[in-house]
Amino acid sequence: MRHILAALAATAIVVACCRPALCAGKVVPEVLTYHNDNSRDGQNLIEKVLTPDNVNSQTFGKLNTWQVDGYVYAQPLYVSKVMIKGRFHNVVYVATEHDSVYAFDADHYKNPKPLWQRSFLSAGVTTVPSSAVNSNDLVPEIGITSTPVIDRQTATMYVVAKTLLLGSTFQLTLHAINIRNGRERRHSPVILNASVPGSGEASSNGVISFSGKMNNQRCALTLAGGIVYIASSSHGDNQPYHGWVLGYNAKTLAQVAVFSDTPNGQQAGIWMAGGGPAADENNNLYIATGNGTFDADTDGPDYGDSFIRLGFTDGVFGPQDYFAPYNQSTLDQDDLDLGAGGVILLPEQSGVNLAVGGGKAGTLYAVNREEMGGYNDTTQNNDQIAEEIDGTLGSMFSTPAYWNGWLYYATAGESMMQFQVEGGQITP
């Protein structure tokens, strides 16, 4: 049976589906990560059931709901034929702000009981009250906010939980759990922790450090090249904070990558509307940052309001290329975060590989991934990138989707917009 799971800031998971007769005998694509794969473009190339003809009011609609213990901001994930308690099940996995992960039987959707439930709370360990970080963005508690990622080969889910230990110690913790029973894998969990040289906000003795309290782990997790990548921002604009990307070996959970986007400055959180860092065929990451210090144009280490390609060079993880709009300082001053929306990687277009995204200003940027363009304020335009579309879209607080030569954007205060993608060009 082909299910659509909707769970946006709700304590119930809505199950919608085409009629069972349409789904019988069909191969159901698995959903192991945010937006289906690491391109984050949202298309599902092996979908065989849902079509424009059968997704209508007669054959498609709500089937049931599952109650869970907290609000849900993470995208539910789906895995077929998982062996649980001696039987194969098609399973929907749901993570909540009450620091729980649920496994529900996707076929027996009317059964209110999960196949298993794993809580990361225990005696002395609670979720984080919103008031503790002075934020109303996530209420009344903060637990699991980001979309987990599943390694199908090892049957492992990677998920980050925020907790408060004994009422005073804030922690963001990476868990690797078995999707068959929710139990911790070997080496799990690990507390997120990092530091880099820098003179930026909240630095001490020439070092800035990752904060389990101030950092908000909103971006979906990315599994690429055997590494689990975790990007973070802040709770609202509560300072001090910096944007971070941390990488952990998927087998050992040893930390193998650390990047802060403003080590000599401040802010530049990585939100991307909950979208995950995109990854290309070489396992390079693509992210977009929010308002913050910018000095990359003078060989500095600060990348506020920028698209960045991250990867390993001679074993060192960091920026390989970037793009920042000519009006970066205006975006920063007017709180128009470039990184408010997610970044996607489009299929190759006439030999050009594009990364596409945008933020609060409502400008769509299409950047050549091989030559991202850097920064140029001398001409007061962004002609160094593949394309810029301005004045058409509303503020972007979402990740776009691509399908069959068309790019789709849903932006604040505007209707859904469709753009044609052909020959490396995007046409409104």
Side-chain angles (χ1 to χ4, degrees), residues 1-24 26-34 49 60-123 125-127 138 140-152 154-163 173 175-185 188-189 221:
M1 186 174 293
R2 185 71 175 111
H3 294 123
I4 295 293
L5 283 299
L8 296 178
T11 55
I13 304 303
V14 178
V15 189
C17 186
C18 61
R19 293 292 182 255
L22 294 175
C23 304
K26 302 290 186 177
V27 175
V28 178
E30 296 185 324
V31 181
L32 307 177
T33 189
Y34 177 86
V49 176
F60 184 88
K62 175 183 173 181
L63 293 176
N64 199 26
T65 60
W66 289 309
Q67 295 296 320
V68 292
D69 63 4
Y71 284 97
V72 178
Y73 288 85
Q75 176 184 327
L77 302 176
Y78 172 83
V79 185
S80 64
K81 297 182 179 178
V82 181
M83 178 65 74
I84 297 178
K85 298 178 181 178
R87 293 180 55 192
F88 285 107
H89 299 265
N90 297 324
V91 184
V92 173
Y93 295 94
V94 180
T96 78
E97 291 288 357
H98 197 64
D99 277 327
S100 286
V101 175
Y102 289 80
F104 290 104
D105 191 312
D107 299 315
H108 298 88
Y109 50 84
K110 291 186 178 181
N111 184 352
K113 294 183 179 180
L115 296 166
W116 55 258
Q117 176 188 355
R118 173 61 195 271
S119 174
F120 299 119
L121 306 180
S122 59
V125 179
T126 67
T127 57
L138 301 169
E141 61 182 350
I142 303 168
I144 302 170
T145 305
S146 65
T147 301
V149 65
I150 293 174
D151 183 344
R152 187 64 170 97
T154 64
T156 302
M157 173 187 289
Y158 300 92
V159 57
V160 171
K162 187 155 187 162
T163 55
T173 307
H175 297 263
I177 61 174
N178 189 327
I179 64 172
R180 300 184 184 97
N181 51 34
R183 296 172 186 163
E184 301 276 0
R185 292 291 196 181
S188 178
L221 275 57

Partner residues of Tyr158 under the ring pair (Phe, Tyr, Trp, His ring centres under 6.0 Å) criterion, sequence neighbours left out: none

Residues forming a side-chain contact (heavy atoms from CB on, under 4.5 Å) with Thr33, sequence neighbours excluded: Asn38, Arg40, Val149

Where the side chain of Trp116 meets the backbone of Val101, is there a donor-acceptor pair that is under 3.5 Å apart? no

According to ring pair (Phe, Tyr, Trp, His ring centres under 6.0 Å), who are the partners of Tyr34, at least two apart in sequence or on a separate chain? none

Nearest heavy atoms of Asn111 and Trp66, plus distance in Å: O-NE1, 3.3 Å

Measuring from Met83:CE to Phe88:CZ, what's the distance to the nearest 0.5 Å? 3.5 Å

Got a sec, which residues hit salt bridge (Lys or Arg N to Asp or Glu O under 4.0 Å) with Arg118, two or more places apart in sequence or on another chain? Glu184

Measuring from Tyr102:OH to Tyr93:OH, what's the distance to the nearest 0.5 Å? 15.5 Å

Indicate the atoms forming the closest heavy-atom contact of Val92 with Pro76, along with that distance. CG1-CB, 4.2 Å

Could you go step by step and tell me if Lys81 and Asn90 meet the side chain to side chain contact (heavy atoms under 4.5 Å, CB included) rule? CA-CA 5 Å; Lys81 297 182 179 178; Asn90 297 324; 4.1 Å; yes

Are the side chains of Ser100 and Val68 in contact, using a 4.5 Å heavy-atom criterion? no

How long is the straight-line distance from OG1 of Thr127 back to CD1 of Ile144, given to the nearest 0.5 Å? 11.0 Å

Sorted by chain and number, sequence neighbours left out, side-chain contact (heavy atoms from CB on, under 4.5 Å) with Asn181 holds for Asn178, Arg183

How far does CD of Glu141 sit from OG1 of Thr163, to the nearest 0.5 angstrom? 12.0 Å

Where do Leu115 and Phe104 come nearest, in terms of heavy atoms and distance? CD1-C, 3.9 Å

Distance check, rounded to the nearest 0.5 Å: His89 atom NE2 versus Asp107 atom CG? 9.5 Å

Do Val79 and Leu32 come close enough that some side-chain heavy atom pair is under 4.5 Å? yes

Mind checking side chain to side chain donor-acceptor pair (under 3.5 Å) for Thr154 and listing every partner two or more places apart, or none if nothing turns up? Asp151, Thr156

On a heavy-atom basis, which atom in Ala74 and which in Ser146 lie closest, and how many Å separate them? CB-O, 3.2 Å

State, without any angle test, whether Thr96 and Asp69 hold a side-chain donor-acceptor pair at a distance under 3.5 Å. yes

By the definition side chain to side chain contact (heavy atoms under 4.5 Å, CB included), identify the one residue from Asp105, Asn64, Thr65 that meets it with Lys110. Asn64

To the closest 0.5 Å, what do you measure between CZ (Phe120) and OG1 (Thr173)? 9.5 Å

Ignoring hydrogens, what is the shortest heavy-atom contact between Arg185 and Arg180? Give both atom names and the distance. NH2-NH1, 4.1 Å

Counting N and O atoms only, with roles assigned by atom type, does the side chain of Tyr109 sit under 3.5 Å from a partner on the main chain of Leu63, one being a donor and the other an acceptor? no

Partner set under side chain to side chain donor-acceptor pair (under 3.5 Å) for Thr145, not counting sequence neighbours: Glu97

Minimum heavy-atom distance between Thr126 and Leu121, given as atom pair plus value: C-CD2, 3.6 Å

For side chain to side chain contact (heavy atoms under 4.5 Å, CB included), just list the numbers for Ile150 and Glu30, CA-CA rounded to whole Å, side-chain angles, deciding distance to a tenth of an Å, and then say yes or no. CA-CA 10 Å; Ile150 293 174; Glu30 296 185 324; over 6 Å; no

